[in-house]
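Owing to the predicted nature of the structure, the values given are computational and were not obtained by experimental measurement.
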Amino acid sequence: MVDALGVAVIGFGWMGRVHTQAYARLPHHYPDLPLRPRLVTVAEPVPGRAEEAAGRFGFASATRDWREVAADPRVQAVSVTAPNFLHREIGVALAEAGKHLWIEKPVGLGTADARAVADAVARAGVQGTVGFNYRNAPAVEAARELIASGGIGTVTHVRVRLFSDYAADPDTALTWRYERRRGGSGVLGDLASHGVDLARFLCGAIDSVTADTAVFVPERARPGGATAGHALARGGEPGPVENEDYVGCLLRFASGARGVLEACRVSVGEQNAYGFEVHGSRGAVFWDFRRMNELGVSRGTGYRDQSVSTVHVGPGAGEFAAFQPGAANAMGFDDLKVIEACRFVRSIAEGTPYGTTLADAVHSARLLDAMARSARTGGWVSPRTAP
């Protein structure tokens with residue numbers, strides 16, 4: 001007998017839909033999970049959107065007020081996919097109400113917000129999972145194992161890149177994402193948060209950073225009404241972009257390795273160009289999200305002119321076997337969220353954290369705050385000095 005787990009989703013843009021579909025797919029990919037999510041309610045303030053989501057995806061009820069979710073006894077676990085500036089208030093309230101929490105990164109607007117949610121989760125004794133989904137790619141997990149086993153020798157230097165064009169059109173609407181008060185640190189929280197999480201996941205703690213940031217599209221048009229995703233707003237009243245379009249950062253790892261991280265949301269010609277290159281004393285490993293199920297691997301003792309092989313990951317890597325029967329069968333972005341949902345539900349069932357936790361969100365936030373401080377001061381900053 002599989003027990004039901006009452007779940008809710010707060011915020012129903014694209015990511016809310018992805019979370020919802022991940023819950024629905026769990027019995028298909030993980031039939032042995034001891035808990036089966038049941039879609040109880042969806043909360044979204046935009047008129048009509050929650051009702052539409054309920055009708056389309058099968059939620060038992062809908063509301064415009066997330067506080068009703070916190071008070072709903074039918075709900076044991078909640079996905080928070082609302083805008084960043086709401087993460088702290090919602091996350092703390094849900095934890096205090098005894099709800100398990102699957103919350104999207106960057107968990108608020110900075111370290112103080114992430115720590116507040118993490119502390120509330122710890123006090124309440126509930127499980128908390130954070131949406132750093134790229135580390136769930138089977139190829140990324142295989143790369144981590146290769147690095148940890150010494151397969152490329154001692155890591156010497158790392159490059160992580162996250163380039164996208166979602167804000168490249170100057171007519172992209174001036175939504176909350178571009179305001180400091182509601183969107184926080186711009187591309188740092190949106191894309192670089194994934195980058196620092198990948199860097200830590202693969203190569204360990206980061207001791208200090210020095211960063212530079214820029215705004216390349218300084219003004220955008222205000223939308224005339226509710227928006228979803230990255231809608232355009234031609235002809236609207238112009239307003240200033242308050243947070244960063246670009247960040248470039250040097251990293252010093254505790255191991256002695258060095259790194260470079262770049263993220264940009266206005267990169268014309270780049271669509272989800274996310275990936276990493278990790279170089280070691282005897283080899284290297286390369287990954288590109290757009291070829292998610294492949295790794296470039298160079299290893300051996302040739303050093304000069306050493307070849308690079310393309311490895312198609314298969315059922316032996318990460319959670320690949322839950323989705324495909326053999327190597328080179330493709331997985332996609334939504335599959336990474338199904339893996340994340342599985343680890344969240346397993347954490348609840350067993351009372352033991354699996355996958356990313358609120359502690360990872362705090363680590364990421366401290367590094368992002370250190371980058372922002374470095375960009376202001378022009379020097380090296382340690383994340384240990386974050387507030």
Side-chain angles (χ1 to χ4, degrees), residues 132-163 191-211 247-263 272-320 327-328 331 336 339 355-356 360 363-364 366-368 370-371 374 380-384:
F132 291 124
N133 46 268
Y134 296 109
R135 65 155 69 183
N136 299 328
V140 173
E141 295 192 301
R144 187 186 193 219
E145 290 182 7
L146 177 66
I147 294 165
S149 69
I152 61 170
T154 301
V155 173
T156 55
H157 58 285
V158 181
R159 185 165 76 101
V160 181
R161 69 189 184 285
L162 299 105
F163 295 152
L191 296 181
S193 59
H194 283 299
V196 296
D197 182 69
L198 279 174
R200 283 185 59 247
F201 182 67
L202 293 166
C203 301
I206 298 168
D207 269 355
S208 58
V209 301
T210 184
V247 59
C249 185
L250 299 179
L251 313 172
R252 289 176 177 165
F253 290 84
S255 66
R258 297 297 191 261
V260 176
L261 185 153
E262 275 190 292
N272 299 323
Y274 310 152
F276 57 76
E277 304 160 9
V278 180
H279 294 264
S281 56
R282 295 196 308 276
V285 60
F286 312 92
W287 180 72
D288 187 323
F289 169 66
R290 296 166 297 181
R291 304 179 69 91
M292 192 177 83
N293 306 289
E294 298 179 10
L295 282 177
V297 178
S298 177
R299 56 190 304 189
T301 57
Y303 300 107
R304 294 174 58 184
D305 302 323
Q306 186 164 288
S307 63
V308 177
S309 299
T310 298
V311 176
H312 298 274
V313 298
E319 299 287 332
F320 189 96
M331 291 175 60
L336 304 183
I339 295 170
T356 55
D360 293 308
H363 279 297
S364 175
R366 292 176 70 177
L367 283 160
L368 298 178
M371 288 181 189
S374 172
W380 285 91
V381 175
S382 168
R384 290 189 295 275

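- R161 pairs by the salt bridge (Lys or Arg N to Asp or Glu O under 4.0 Å) definition with D288, not counting sequence neighbours.
- Of all the heavy atoms in F132 and S193, the pair that sits closest is CE2-O, 3.5 Å.
- A distance of 5.5 Å separates CZ in F320 from CG in N293, rounded to the nearest 0.5 Å.
- Taking the side chain as every heavy atom from C-beta outward, L202 and V158 never approach each other to under 4.5 Å.
- A salt bridge (Lys or Arg N to Asp or Glu O under 4.0 Å) check over residues 150-160, counting only residues at least two apart or in different chains, returns the pairs R159-E277.
- Annotation for V313 and P138: closest pair CG2-CB, 4.3 Å, computed over non-hydrogen atoms.
- A search for salt bridge (Lys or Arg N to Asp or Glu O under 4.0 Å) contacts involving R299 returns nothing, not counting sequence neighbours.
- Distance CG/L261 to CG/L367: 9.5 Å, rounded to 0.5 Å.
- In this structure, NE2 in H194 is found 5.0 Å from CG in N133, a value given to the nearest 0.5 Å.
- The closest donor-acceptor contact from the side chain of S298 to the backbone of S307 lies under 3.5 Å.
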I147 and V278: side chain to side chain contact (heavy atoms under 4.5 Å, CB included), yes or no, with the steps?
CA-CA 8 Å; I147 294 165; V278 180; 3.9 Å; yes
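- Note on residues 135-154: pairs passing side-chain hydrogen bond (donor to acceptor under 3.5 Å, both in side chains), not counting sequence neighbours, are R135-D197, N136-E340, N136-R343, E141-R343.
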Report the C-alpha separation of V140 and W287 in whole Å, then their side-chain angles, then the decisive distance to 0.1 Å, and conclude whether the side chain to side chain contact (heavy atoms under 4.5 Å, CB included) test is met.
CA-CA 7 Å; V140 173; W287 180 72; 3.6 Å; yes
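- The two residues L295 and A142 make their nearest non-hydrogen contact at CD1-CB, 4.1 Å.
- Partners of R291 by salt bridge (Lys or Arg N to Asp or Glu O under 4.0 Å), not counting sequence neighbours, listed by chain and number: E294.
- Here the shortest heavy-atom pairing between A211 and S374 reads N-OG, 2.8 Å.
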Please evaluate residues L250 and V260 with respect to the criterion side chain to side chain contact (heavy atoms under 4.5 Å, CB included), reporting the C-alpha separation (whole Å), side-chain torsions for both, the decisive distance (0.1 Å), and the verdict.
CA-CA 5 Å; L250 299 179; V260 176; 3.9 Å; yes
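- The two residues D207 and A254 have their closest heavy-atom pair at OD2-CA, 3.5 Å.
- With rounding to the nearest 0.5 angstrom, the OG1 atom of T356 is 13.5 Å from the OH atom of Y134.
- Between the CD1 atom in I206 and the CZ atom in R384 there is a gap of 12.0 Å [rounded to 0.5 Å].
- Taking OG1 of T156 as the reference point, atom CZ of F253 lies at 11.0 Å (rounded to 0.5 Å).
- Scanning both residues, V160 and A199, for their nearest heavy atoms gives CG2-CB, 4.3 Å.
- Applying the ring-ring contact (aromatic ring centres under 6.0 Å, His included) criterion to H279, with sequence neighbours excluded, gives H157, F286.
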